[in-house]
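For this chain, numbers begin at 1 and follow the sequence in order. Only heavy atoms go into these numbers, but all of them, side chains included; no hydrogens, no water, no symmetry mates.
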Amino acid sequence: MGEFDVIIIGSGLGGLICANILSKEGMKVCVLEMDKRIGGTLQSFAKEGVLFNTGLNYTESLSEGEVLYRYFNFLGLMDDLNIQRLDLDAFDKISLGEDEIEYPFAQGHENFIERMSEFFPKERANLQKYFTEMGEVCNAFPYYNLESDNYSLQSLGKQQSVSEFLRRTTPDRKLQKVLAGMNSLYAGVEGQTPMYIHSLINYSFIKSAWRLVNGSSQLALLLAKGIKANGGVIRTEASVVALEGEKNTIHRVRLESGEYVHAKQVISNAHPAATIELLSENMVRKVYRNRILSLENSIGMFSLYLVLKKDRLDQFNYNYHHFPNSNVWGTQYSAENWPEHFMLYSPANLKGGEYANGLTVISYMNFSEISQWQNTTRESRPQAYYDFKDQKAEILLKAVEERFPGIHKHIKSVYSSTPLSYRDYTGTPNGSAYGIKKDAENPMLSLVTPKSRVNNLLFTGQNLNMHGILGVTIGAVMTCQELLGSDYLINKIRKY
């Protein structure tokens with residue numbers, strides 16, 4: 001294939017954004033994707049004509065002038081992206097145990113406080129403090145505030161955990177739980193997840209909340225279109241099996257087919273641990289290798305994809321988070337209490353009209369529950385694995401039915417996936433939903449910077465600063481700046 005300026009391993013969001021930016025800057029770029037399709041967790045798939053998303057359920061801050069809008073506008077995406085704004089007065093609804101109240105997360109600073117204060121009238125001042133403190137954290141974060149010149153990650157230091165932050169914000173225990181109710185968007189762990197993760201998610205969604213109509217794969221396709229228009233190359237079914245070189249420098253990339261691809265620079269959108277394992281042992285110091293390989297990953301998800309009977313269930317324009325036992329920290333569930341949490345939503349589909357044609361339900365799942373099948377592949381799972389999935393699906397559907405009596409009669413077909421499915425499609429160790437787990441006690445220890453300890457190897461993707469569409473976008477820009485220079489690229493983005 002000849003020599004490239006940059007090889008990018010993996011066509012997830014981070015890899016595609018890097019390829020888009022660098023090819024636009026005139027670099028000769030090649031994206032190598034192990035799967036048949038590009039996109040990673042941006043992929044959408046159809047079951048009985050109903051479109052479901054693999055991982056991107058909804059996104060944030062896409063109103064004109066907001067942070068993600070400005071990044072996407074710079075990338076040339078906004079004119080063609082098919083999006084729908086979620087309900088202004090309740091883009092997310094939170095419910096706890098047998099409490100019949102559905103607590104709303106509304107869009108917009110004042111609207112959020114006004115709507116939540118209806119249920120917690122004595123907490124208006126604390127809700128204001130909550131929003132203000134989250135904004136201060138976000139605007140001090142690298143590349144969130146595009147007008148700031150302070151982009152140091154060192155300011156993270158020791159942080160409060162989310163749970164500590166919420167206890168300090170309000171004495172009302174129910175409000176603490178409600179404000180933590182969106183933690184399935186970051187796999188929050190009580191006493192461990194840093195407050196900045198919660199802030200970046202909740203603050204950005206309160207700004208504005210959106211979903212992609214007719215599937216999240218459109219985002220991958222638009223980015224790929226730009227890459228190809230800039231002369232970039234995207235290869236699917238091109239699994240990388242080794243990064244070969246010497247003297248701390250990669251000289252060539254070996255594919256499973258036996259082919260070699262050469263480039264001056266390599267960017268890996270794969271998990272850092274999976275990337276390090278592609279290097280020969282003499283390429284990096286043992287202490288660095290061991291540190292990356294020992295990083296703990298966040299929990300995975302069990303997902304249900306429900307095809308609904310035609311014209312039976314009204315479409316709804318919000319996401320629902322329910323905690324059957326009122327335990328909002330469901331990552332630490334026990335098997336007998338599962339599910340401690342589920343998130344339910346209806347994918348936005350133009351063909352659905354006034355009725356929903358499908359539902360997605362997700363709940364946490366530890367890899368230990370399926371580890372006995374970890375050496376199997378999509379094509380070789382034993383029947384016991386499918387029996388396990390059916391049992392889990394039945395338990396989760398029972399929890400949904402208890403919260404929404406009668407919903408079962410609207411369901412036509414049930415499909416499911418586990419962290420094993422996620423692992424095989426994305427290459428993420430143990431099917432982790434949000435990559436490396438962050439620790440409030442020492443955020444810097446669990447942080448992976450774009451620069452690796454190999455001279456010409458950079459990282460991108462959800463394992464850097466933060467996950468999610470906004471976090472990965474910011475991370476990709478930080479990766480590109482290692483090659484383009486910080487002032488040069490950020491000054492371009494500031495114009496949008």
Side-chain angles (χ1 to χ4, degrees), residues 3-10 12 14-15 18 22 30 32 34 142 151-159 192 194 239-256 260-298 423 426-430 432 434-467 471-472 475-486:
E3 182 86 17
F4 291 92
D5 294 313
V6 184
I7 289 172
I8 296 173
I9 302 171
C18 285
L22 297 177
C30 176
L32 301 173
M34 68 177 182
Y151 295 129
S152 173
L153 287 169
Q154 304 303 319
S155 60
L156 288 179
K158 183 177 178 179
Q159 290 242 327
Q192 185 176 22
S239 180
V240 175
V241 295
L243 301 174
E244 299 180 356
E246 57 187 19
K247 294 183 179 179
N248 206 33
T249 302
I250 298 168
H251 294 313
R252 58 186 185 176
V253 175
R254 178 158 57 92
L255 305 184
E256 191 174 40
Y260 286 96
V261 190
H262 302 265
K264 300 169 187 173
Q265 189 75 42
V266 176
I267 296 176
S268 179
N269 190 59
H271 192 285
T275 306
I276 290 295
E277 289 181 331
L278 295 173
L279 296 164
S280 56
E281 288 196 9
N282 63 355
M283 290 282 287
V284 290
R285 294 179 62 185
K286 191 173 182 179
V287 64
Y288 179 70
R289 176 186 289 272
N290 289 343
R291 176 190 167 247
I292 296 296
L293 295 179
S294 66
L295 290 171
E296 188 178 358
N297 290 292
S298 58
R423 180 201 70 179
T426 66
T428 303
N430 292 351
S432 164
Y434 301 122
I436 294 167
K437 186 190 291 185
K438 305 299 189 291
D439 187 350
E441 282 296 311
N442 194 342
M444 296 303 296
L445 189 63
S446 54
L447 195 73
V448 177
T449 61
K451 279 184 103 170
S452 76
R453 298 295 175 84
V454 177
N455 290 333
N456 60 339
L457 173 64
L458 298 172
F459 294 121
T460 197
Q462 70 170 356
N463 295 289
L464 301 188
N465 298 315
M466 63 178 284
H467 56 270
V472 171
V477 168
M478 293 179 71
T479 300
C480 290
Q481 294 203 140
E482 295 293 335
L483 301 179
L484 299 173
S486 57

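- The CD1 atom of Ile267 sits 11.0 Å away from atom OG of Ser452, with the distance rounded to the nearest 0.5 Å.
- For the pair Arg289 and Leu279, the minimum side-chain heavy-atom distance is below 4.5 Å.
- Here the NE2-NZ distance, from His262 to Lys264, works out to 14.0 Å after rounding to the nearest 0.5 Å.
- Contact detail for Thr460 and Cys18: the closest heavy-atom pair is OG1-SG, 3.7 Å.
- To the nearest 0.5 Å, atoms CG (Asn248) and CG (Asn455) are separated by 4.5 Å.
- The minimum heavy-atom distance between His271 and Ile436, with the atom names listed, is NE2-CG1, 3.7 Å.
- Annotation: ring-ring contact (aromatic ring centres under 6.0 Å, His included) contacts of Phe459 (sequence neighbours excluded): none.
- Counting only distance, with no hydrogens or angles, the side chain of Asn456 and the backbone of Thr249 share no donor-acceptor pair below 3.5 Å.
- To the nearest 0.5 angstrom, Ile9 atom CD1 is 6.0 Å from Leu278 atom CG.
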Q: Apply side-chain contact (heavy atoms from CB on, under 4.5 Å) to the pair Thr275 and Ile292, showing each step before the final yes or no.
A: CA-CA 10 Å; Thr275 306; Ile292 296 296; over 6 Å; no
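- Here the OG1-CG distance, from Thr449 to Asn463, works out to 12.0 Å after rounding to the nearest 0.5 Å.
- Looking at every heavy atom in both residues, Val6 comes nearest to Ala263 through C-CB, 4.1 Å.
- When every heavy atom of Gln265 is checked against every heavy atom of Leu458, the shortest pair comes out as NE2-CG, 3.6 Å.
- Between Val261 and Val240, the closest side-chain pair of non-hydrogen atoms is not below 4.5 Å.
- A donor-acceptor contact shorter than 3.5 Å links the side chain of Ser298 to the backbone of Tyr434.
- Applying the salt bridge (Lys or Arg N to Asp or Glu O under 4.0 Å) definition to pairs two or more places apart or across chains, those involving residues 241-255 are Glu244-Arg252, Glu244-Arg254.
- Rounded to the nearest 0.5 angstrom, Leu22 CG and Leu483 CG are separated by 6.0 Å.
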Q | Leu464/Thr479 under side-chain contact (heavy atoms from CB on, under 4.5 Å): CA gap, chis, key distance, verdict | A | CA-CA 10 Å; Leu464 301 188; Thr479 300; 3.7 Å; yes
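- Here the closest heavy-atom approach between residue Val472 and residue Gly14 is recorded as CG1-N, 3.3 Å.
- Taking the side chain as every heavy atom from C-beta outward, Thr428 and Asn297 never approach each other to under 4.5 Å.
- Pairing each heavy atom of Gln462 with each of Lys438, the nearest pair is O-NZ, 4.5 Å.
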